[in-house]
Amino acid sequence: MKKFSVANARNREAIGQDIVLQGWVRTRRDSKAGFSFLELNDGSCFGNIQVVVPGSLPNYESEIKKLSAGASVSIEGHVKESPGQGQATEVEATRVVVFGTADPETYPLQKKRHSYEFLRTIAHLRPRTNTFGAVTRVRNCVCRSIHRFFQEEGFLYVHTPVITASDCEGAGEMFQVTTLDLADPPKQAGAVDYTQDFFERPSFLTVSGQLEAEIFACALGKVYTFGPTFRAENSNTSRHLAEFWMIEPEMAFFELTDNMDLAERFLKTVLRDVLTQCAEDMAFFQERIDKQILTTLQSVVEGDFVRLSYTEAVDMLTNSGETFEYPITWGSDLQSEHERFLTEKKIKRPVILYDYPRTIKPFYMRVNDDGKTVRAMDVLVPNVGEIIGGSQREERLDVLEARMQEQGLRAQDYWWYLELRRYGTVPHSGFGLGLERLVQFVTGMTNIRDVIPFPRTPGSADF
RNA sequence: UCCCCUGUAGCUCAGUCGGUAGAGCAAGCGGCUGUUAACCGCUGGGUCGUAGGUUCGAGUCCUACCGGGGGAGCCA
């Protein structure tokens, strides 16, 4: 007999076949007519398959009648059209093998709604819930779509290092990596002697692969990274993780408008793929998580992103008539409330803001001819806020050196980065996208800790 | 890190003005049923986050700590 996934067995085309199904019991309902219904799920799709188990099976009284949520089984049976409502097919079991029971007295998952807070405390079991199954499948779909998009656009997937010895990435607090004995580190003149550490210098977990990605873009054209990223910021919000996955494309011969075009095309492709490939999971998010999610995603796919310069955005906010907690002044960074107003209330679509004041952006962003702004861009989406941050990179050696000096950075720490400008420099651009924020946006899940299998946040690294 | 809220049964929560603890779901038992968040009845289930304090008396008021949530900052 052939093994079928639940997804395949639920398909009408399976009717008439003798199959094997293996998975976990979601519920059991008994009929006093002498048989039982089992709802079985194996992760292959959102829905369960209904298995009808006749009372004539030899282990019916001894095992089947004791099955409860969470038990694991292997079922041999015949697929037929279901006479009941709610499913196209069902399986009439001829044999049921119980792999493992799940004592209902102690099994934490019940046939009811649990809070996400509680489910986080049982991260080893929460993938068995409807919501986390759906999140996991959508997250997988997003990742597949990301790779497909870049591969079809001619990008090379490059692996930038997770461990970095340069303390100069400047994108936030870093986790230090060391093999020194922290209780008694070797010392030299009162300070820790890092020449005795594993890499013979202080080293850290990466906060961005961008600078290394630029190296490959400046040799091979279009590249992207997709890997884990670490921030030791003590930020406790529904949009931040200490360990998250980031996608960073980097393109030679791309100016900022090319960068914006790519970002827009990229997001639309991913959303379109999720809508078509995860329809059943998305219907669940629409029903139980966010009643607007399908129309929101659909409108993003169909319409153009609105592009506004920072200066235009400041004017729009100033003239909006809206009262904000924080004042709007040209030259200071926009607050969350400002960004949310633009993308959720005023424009009600994704917004790309660009040409930010140079004083609030990092050294590597290209300075505009006005001398006051840089070629930065942020993509803002409803509900999540900033989902993409990127820029055209400064390719002029002298300007870059001046910018580093302006921001108090030592040129020798960046010697290799500067050499990219010294030898065959090219205009280039790129952006960074947080995978979990994208999954949040797509699913409507409000807490980022519920779109990653094992969230790491300040004070929390269980499982 | 700051501000606000919160912690009561396995889970989700109620608990009034300070007077010895409640519901729904889950579980166990029984009934009913081609059922589908099944339904009906009965039963068991509690160191009220922790430690102090006020009081004749604290789930309730006060303080500290711990956990969780929301918002802010930082960012992706």
Side-chain angles (χ1 to χ4, degrees), chain A residues 26-40 47-54 66 68-70 80 82-87 90 92 102-122 125 129-130 169-173 207-210 228-248 263 287-288 325-326 332-337 339-340 360-362 378-381 384-390 431-441 446-452 457-460 462:
Chain A
R26 283 293 175 81
T27 73
R28 192 197 78 230
R29 295 181 294 272
D30 298 328
S31 169
K32 270 299 187 299
F35 56 95
S36 295
F37 298 98
L38 293 181
E39 293 263 353
L40 203 69
N48 307 321
I49 185 136
Q50 174 162 289
V51 179
V52 180
V53 186
K66 291 176 183 159
S68 57
K80 52 179 212 175
S82 178
Q85 298 292 305
Q87 62 272 323
E90 64 183 29
E92 180 132 353
D103 182 0
E105 290 278 7
T106 56
Y107 187 61
L109 288 177
Q110 297 169 8
K111 204 168 46 179
K112 58 164 279 190
R113 212 190 146 85
H114 292 281
S115 68
Y116 295 121
E117 294 82 3
F118 170 68
L119 292 174
R120 273 172 226 148
T121 68
I122 50 167
L125 296 173
T129 63
N130 285 335
E169 302 192 29
E173 291 295 311
V207 293
S208 166
Q210 179 198 316
T229 310
F230 307 88
R231 302 272 167 94
E233 304 282 354
N234 188 15
S235 52
N236 220 312
T237 82
S238 56
R239 305 181 307 283
H240 289 85
L241 292 166
E243 176 182 297
F244 62 100
W245 287 69
M246 190 154 65
I247 299 99
E248 293 178 290
E287 172 68 27
R288 301 296 284 271
E325 187 183 344
Y326 293 90
S332 60
D333 220 347
L334 297 180
Q335 304 291 315
S336 290
E337 58 171 344
E339 296 182 343
R340 263 186 282 114
I360 57 172
K361 289 292 182 184
D378 284 352
V379 181
L380 312 178
V381 296
V384 175
E386 184 184 341
I387 199 168
I388 282 178
F431 60 82
L433 167 99
L435 173 66
E436 286 75 17
R437 290 208 181 155
L438 179 54
V439 177
Q440 268 190 287
F441 177 57
T446 53
N447 197 310
I448 200 167
R449 294 164 205 188
D450 301 325
V451 298
I452 187 168
T457 53
S460 175
D462 293 329

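Convention: sequence-line order gives letters A, B, ...; per-chain numbering from 1.
In terms of phosphate contacts, A/Gln335 brings a side-chain nitrogen or oxygen within less than 4.0 Å of OP1 or OP2 of B/G73. Residue A/Thr237 places none of its side-chain N or O atoms closer than 4.0 Å to OP1 or OP2 of B/C74. Proximity of A/Arg340 to the phosphate of B/A72: a side-chain N or O atom is located under 4.0 Å from OP1 or OP2. Between A/Thr27 and B/A37 there is no side-chain N or O to OP1 or OP2 distance below 4.0 Å. Residue A/Arg449 places at least one side-chain N or O under 4.0 Å from the OP1 or OP2 atom of B/G69. At the phosphate of B/A38, OP1 or OP2 sits under 4.0 Å from a side-chain N or O atom of A/Arg29. Taking only side-chain nitrogens and oxygens, A/Ser235 never comes nearer than 4.0 Å to OP1 or OP2 of B/C74. Proximity of A/Asn236 to the phosphate of B/A72: no side-chain N or O atom is located under 4.0 Å from OP1 or OP2.
Across all strands shown, nothing is found opposite B/G57 as a Watson-Crick or G-U wobble partner with both distances under 3.5 Å.
A donor-acceptor contact under 3.5 Å links the side chain of A/His240 to the base of B/C75. Judged by distance alone, with hydrogens and angles left aside, A/Glu90 brings a side-chain donor or acceptor within reach of the base of B/G34, the pair sitting under 3.5 Å.
Using C1' as the reference atom, B/C3 and B/U16 are 29 Å apart when rounded to the nearest Å.
Residue A/Glu117 is in sugar-phosphate contact alone, with no base atom involved, counting any heavy-atom pair closer than 4.0 Å across all strands shown. Looking at heavy-atom distances under 4.0 Å, A/Glu39 makes contact with a base.
Between the CG atom of A/Asn48 and the C1' atom of B/A37 there is a distance of 12 Å, given to the nearest Å. Rounded to whole angstrom, the span from the CD atom of A/Glu337 across to the P atom of B/C3 amounts to 20 Å.
Closest approach of A/Tyr326 to A/Gln335, counting heavy atoms only: CB-CG, 3.6 Å.
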